[in-house]
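For reference, the structure is listed below as structure tokens.
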2 protein chains.
Amino acid sequence: MTDKETNTNSKFNVEGRVWINSENCSFTGQGKIELIEKIKELGSLRKAAAEMKMSYRQAWQNINKMNNLSEKPLVILNRGGKNGGIAIVTEEADNVIVAYNKLKTAFDIFIKQQSEILNL
Amino acid sequence: MTDKETNTNSKFNVEGRVWINSENCSFTGQGKIELIEKIKELGSLRKAAAEMKMSYRQAWQNINKMNNLSEKPLVILNRGGKNGGIAIVTEEADNVIVAYNKLKTAFDIFIKQQSEILNL
DNA sequence: CTGCGTTATGTTAATTTGTGAATAACGATA
DNA sequence: TATCGTTATTCACAAATTAACATAACGCAG
């Protein structure tokens with residue numbers, strides 16, 4: 001491991017983003033995955049949005065978009081009822097979360113490697 | 001190579017972007033690299049911007065930003081003179097282009113691989 | 001049937017971002 | 001000195017994205 005091969009003290013570093021597309025339309029990204037995870041944790045779209053400091057409207061649009069792009073819905077939103085309503089995360093969403101997290105893990109490693117070999 | 005391992009006919013695919021940062025400030029990305037390459041080809045910032053259908057203002061700002069973030073300027077802009085002015089791409093810029101293109105090549109491969117193993 | 005908290009949706013305001021026009025500065029050349 | 005095409009910079013406007021607010025719809029509980 002020589003200075004010729006690595007570059008950990010450079011002022012430059014590599015960054016990037018990854019996401020999953022469905023027919024040229026953004027399906028998931030970091031934010032949407034986190035949103036679903038929060039919904040699963042809290043059982044409420046409104047509470048999840050609040051905790052992420054995201055507007056309820058935007059959160060709803062994100063979920064709605066994903067539900068429409070996927071054959072099976074990822075989050076089932078029911079209004080009215082016992083506590084005013086409930087948001088249920090489906091098994092399909094779990095699959096998406098697993099797939100995205102695998103991608104994200106591999107990507108983080110990729111970025112780290114590329115940042116180290118960056119020759120600037 | 002079975003259907004369990006690959007996923008080339010899925011309606012989903014992986015996409016992403018990478019760039020090089022300098023102290024939390026975007027240094028280069030695809031667009032800026034292309035801009036520098038065009039300048040090198042045409043010897044003119046204005047012509048390069050026009051060819052990329054980018055406003056001259058934006059192009060100038062991009063180059064100016066990169067020049068300031070780098071110790072040595074990437075593009076030297078001289079006004080006046082024989083043909084009204086000239087834009088010179090430095091050796092430093094060549095190094096940046098090489099570094100970025102290496103990164104981009106590796107990233108394209110990464111994305112292709114991840115798209116193939118995507119399990120959705 | 002009333003109250004409650006959530007989902008659903010529209011409207012408007014605010015902020016950011018990009019565009020285009022206009023013009024000054026510049027320096028070799030003729 | 002006048003010309004030329006480029007770089008440099010400002011200003012006003014447009015477009016697009018985002019934020020904020022308001023309010024209707026819903027269905028269970030009491």
Side-chain angles (χ1 to χ4, degrees), chain A residues 17 19 21 24-32 34-70 72-90 92-93, chain B residues 17 19 21 24-32 34-70 72-90 92-93:
Chain A
R17 286 168 195 268
W19 58 86
N21 267 15
N24 293 331
C25 185
S26 173
F27 179 59
T28 67
Q30 188 67 38
K32 288 174 188 164
E34 283 177 17
L35 180 62
I36 296 178
E37 286 173 337
K38 286 285 178 194
I39 293 172
K40 191 172 183 177
E41 180 190 338
L42 301 169
S44 158
L45 175 56
R46 180 169 296 278
K47 286 176 186 168
E51 188 149 321
M52 290 186 68
K53 286 168 184 172
M54 173 188 292
S55 74
Y56 172 83
R57 183 186 175 80
Q58 187 179 10
W60 181 85
Q61 284 174 333
N62 281 337
I63 296 299
N64 188 251
K65 197 172 183 181
M66 283 190 286
N67 280 345
N68 288 336
L69 287 174
S70 185
K72 299 175 186 173
L74 304 193
V75 180
I76 298 171
L77 299 172
N78 293 314
R79 65 176 164 183
K82 186 175 182 182
N83 293 310
I86 191 172
I88 299 164
V89 174
T90 68
E92 190 70 11
Chain B
R17 286 168 195 268
W19 58 87
N21 267 16
N24 293 331
C25 186
S26 173
F27 178 60
T28 67
Q30 188 68 39
K32 289 174 187 162
E34 282 178 16
L35 180 61
I36 296 178
E37 286 172 337
K38 287 283 178 195
I39 293 172
K40 189 172 184 177
E41 179 189 339
L42 302 169
S44 158
L45 176 55
R46 180 169 296 278
K47 287 176 187 167
E51 187 149 322
M52 289 187 68
K53 287 170 185 172
M54 174 188 291
S55 72
Y56 173 83
R57 177 188 172 78
Q58 189 178 13
W60 182 86
Q61 284 175 334
N62 280 338
I63 295 299
N64 188 251
K65 196 173 184 181
M66 282 190 287
N67 280 345
N68 288 337
L69 287 174
S70 185
K72 300 176 186 173
L74 303 193
V75 180
I76 298 171
L77 299 172
N78 293 315
R79 63 177 167 183
K82 186 175 182 181
N83 293 311
I86 192 172
I88 299 164
V89 174
T90 68
E92 190 70 11

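We name chains A, B, ... by the order of the sequence lines, and we start the count at 1 in each one.
- In this structure, the CD1 atom of A:Ile76 is 12 Å from the P atom of C:dA8, given to the nearest Å.
- Under 4.0 angstrom from either OP1 or OP2 of C:dG5 there lies no side-chain N or O belonging to A:Ser44.
- Taking atom CG on B:Leu45 and atom C1' on D:dG5, their separation rounds to 13 Å, with Å as the unit.
- For A:Ile88 and C:dT7, the CD1 to P distance is 11 Å, given to the nearest whole Å.
- Judged by distance alone, the side chain of A:Thr90 and the main-chain N or O of A:Val75 form no donor-acceptor pair under 3.5 Å.
- Here the P atom of nucleotide D:dA19 and the CZ atom of A:Arg57 are 12 Å apart, to the nearest Å.
- Rounded to an integer number of Å, the gap from CG of B:Asn78 to P of D:dC4 is 22 Å.
- Between the CD1 atom of A:Ile63 and the P atom of C:dT9 there is a distance of 15 Å, given to the nearest Å.
- For the side chain to side chain contact (heavy atoms under 4.5 Å, CB included) criterion with B:Ile63, the lone passing option out of B:Leu77, B:Leu74, B:Asn68 is B:Leu77.
- The nearest whole Å value for the distance from the CG atom in B:Asn67 to the C1' atom in D:dA8 is 14 Å.
- Here the options are B:Met52, B:Arg57, B:Lys53, the test is side chain to side chain contact (heavy atoms under 4.5 Å, CB included), and the partner is B:Ser55; only B:Arg57 passes.
- Look at CZ on B:Arg79: it is 6 Å from C1' on D:dT7, rounded to the nearest Å.
- Residues A:Leu77 and A:Gly81 each lie close to DNA chain C; by heavy-atom proximity, the contact nearer the 5' end of the strand is made by A:Gly81.
- With hydrogens and angles ignored, the 3.5 Å screen pairs no side-chain donor or acceptor of B:Asn67 with any backbone N or O of B:Ile76.
- Side-chain nitrogen and oxygen atoms of A:Trp60 include none within less than 4.0 Å of the OP1 or OP2 phosphate oxygen of C:dT7.
- Both A:Gln58 and B:Ala87 lie close to DNA chain D; mapped to their nearest nucleotides by heavy-atom distance, the more 5′-ward contact belongs to B:Ala87.
- Proximity note for A:Lys82 (side chain, C-beta onward) versus D:dA29, C:dT9, C:dT6: the nearest is D:dA29.
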